[in-house]
2 protein chains.
Amino acid sequence: MASHFAFGSPATRIDLDGMLSQQAGRGAQVTHYNANTEIYAPGDRANALYQIDFGAVRIYRLLSDGRRQISAFHVAGEVFGFEASEKHGFFAEAIAACGIRSYRMPPEERVARELLPIALQALVRAQEHMLVIGRQSASERVAAFLLEMMERQGGLDHVDLPMSRTDIGDYLGLTIETVSRAFSRFRESGHIHLVNTRTVEIRKPDALRAMCE
Amino acid sequence: MASHFAFGSPATRIDLDGMLSQQAGRGAQVTHYNANTEIYAPGDRANALYQIDFGAVRIYRLLSDGRRQISAFHVAGEVFGFEASEKHGFFAEAIAACGIRSYRMPPEERVARELLPIALQALVRAQEHMLVIGRQSASERVAAFLLEMMERQGGLDHVDLPMSRTDIGDYLGLTIETVSRAFSRFRESGHIHLVNTRTVEIRKPDALRAMCE
DNA sequence: CGTAATGTTGACAAGGGTCAAGCTTAGTGG
DNA sequence: CCACTAAGCTTGACCCTTGTCAACATTACG
């Protein structure tokens, strides 16, 4: 509580109403959801925040084979619905019957426009990473890692890895031996070419993408 | 880019300087870090944001037995250092030689004070959850889950679980069978008492805490 | 060129997943 | 109010993926 950046205890109710209703010019909508009903789905416009009056909510994603990773549970008093783009990337569903207030998105102040999106981007990456480490096999994790690095370096096929195998292992929740074996198998199958240990040429990005589904 | 909430491509440099220097009344400090040197550590005051000029950074935590979970890598152009409390909860270290600009914390506008902390809290939870699912065994994950639920319900020893075993498994990256076996083992060892399948009495919270380190 | 750090590969073991059976609880209809 | 059913949960047996331990190879650096 001391810091201007501190966050209240879990019991503290956030005064979203006081904060946002001014902007929307109107109080929040309160909606009732039955158990196992959808609140939003990937692709839906992310133009609101949600605060739970009562009940509980799960946030999750699905792999195409049906494996599911829940990235968060939310209970009464908590706020969810943040996204880093204009569309949702996750499912939100009521676990039990819920009362949920929805608030139109906050104002376009400079901090909201610039700083908050950075935090939200980090949050989305964290959530996606949870999907990788929570539900994917060793080779799927390494494939996802290579694709992530490729994208973050502009999509060029020659990817530079500034980090060690130990770092990669710790990032993916694997041992260095398992990471190394995955690299070797991708090399043997022609998916990648190891220019050197820290430079990878991605030869079959689609094959890697197919692994991650 | 279309949405007022959209986030630029990874290549886009965030104009932190233009945004924050006004507040600090001064431009950013540029610091040089050698490879494998600490930028901040758990317990350090979190009163700045950092933007990477060149090089790469790892964000991680340690379990007491030395297992490490890296929750993020950051490369040139990216911003890190967000925390939900006044102190850092993670290590930040240079992977290679780095040039890093540090910016004093942003202004206390209403959105920054209220909305950003919510996002940051979610981010920190995500990062801590990565530690759990990336590096902990099945029983450690379930112990961490029970403790998290206990804390989020005010620390009472009778914890209500609104979610199914399937949900818990998906949250922890485990199958329902493994979750169930962990509950059973905790029951047999007297750490918990299962009042019913959805209500747990935490009898030895310290024993559970010891498991998570 | 020599040494230490980093990475690769192999053999083996174990933790957790898969498959299957049975149990418990909650909800429904007679 | 009880019986029936379906969903959720528990337990067991087996097996596979990945971790562990070890040896060796390669790279980086002084």
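All chains are named by letter (A, B, ...) in the order of the sequence lines, taking the proteins before the strands, and each is independently numbered beginning at 1.
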Would you say Thr199(A) and Asn196(A) are linked by a side-chain donor-acceptor pair, where the criterion is simply a distance under 3.5 Å?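 Judged by distance alone, the side chains do pair up.
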End-to-end axis angle, where each axis spans five pairs of the helix from dC1(C)-dG30(D) to dG30(C)-dC1(D), to 10°: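 About 40° separates the two local helix axes.
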Residues Val57(A) and Ala92(A): closest non-hydrogen pair is CG1-CB, 4.4 Å
Nearest heavy-atom approach of Leu156(B) to Met150(B) is O-CG, 3.2 Å
Can you confirm whether Phe145(B) sits close enough to Leu161(B) that some side-chain heavy atom of one is under 4.5 Å from a side-chain heavy atom of the other?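 Phe145(B) reaches Leu161(B) side chain to side chain.
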Is there a side-chain contact between Leu146(B) and Phe186(B), using heavy atoms and a 4.5 Å cut-off? yes
Between Glu128(A) and Arg61(A), is there a salt bridge with N-O shorter than 4.0 Å? yes
Salt bridge present between Lys87(A) and Glu83(A) (N-O < 4.0 angstrom):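 Salt bridge absent between Lys87(A) and Glu83(A).
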Asn196(A) or Arg185(A), whichever maps to the more 5' nucleotide of DNA chain D: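 Its nucleotide being nearer the 5' end, the pick is Arg185(A).
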CG of Asn36(A) versus P of dA6(D): gap in Å, rounded? 18 Å
Below 30° counts as parallel, above 60° as perpendicular, anything between as tilted: where do the rings of Phe91(B) and Tyr60(B) land?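 Answer is parallel, since the angle falls under 30°.
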Which word best sums up how the rings of Tyr40(B) and Phe80(B) line up, parallel for under 30°, tilted for 30 to 60°, or perpendicular for over 60°?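 Geometry flag for Phe80(B) against Tyr40(B): tilted rings.
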In the 5'-to-3' direction, what one-character label does each nucleotide of nucleotides 7-25 of chain C receive under the scheme B = base within less than 4.0 Å of a protein heavy atom, S = sugar-phosphate only, - = no such atom? SBBBB----SSBB------
Under 3.5 Å, which protein N or O atoms sit close to an N or O of nucleotides 3-5 of chain C? Give each pair with its distance.
none

Mark yes or no: Arg165(A) above the aromatic ring of Phe183(A), with NZ or CZ under 6.0 Å from the six-membered ring centre and no more than 45 degrees from the axis.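 Yes; both conditions hold, so Arg165(A) lies above the ring face of Phe183(A).
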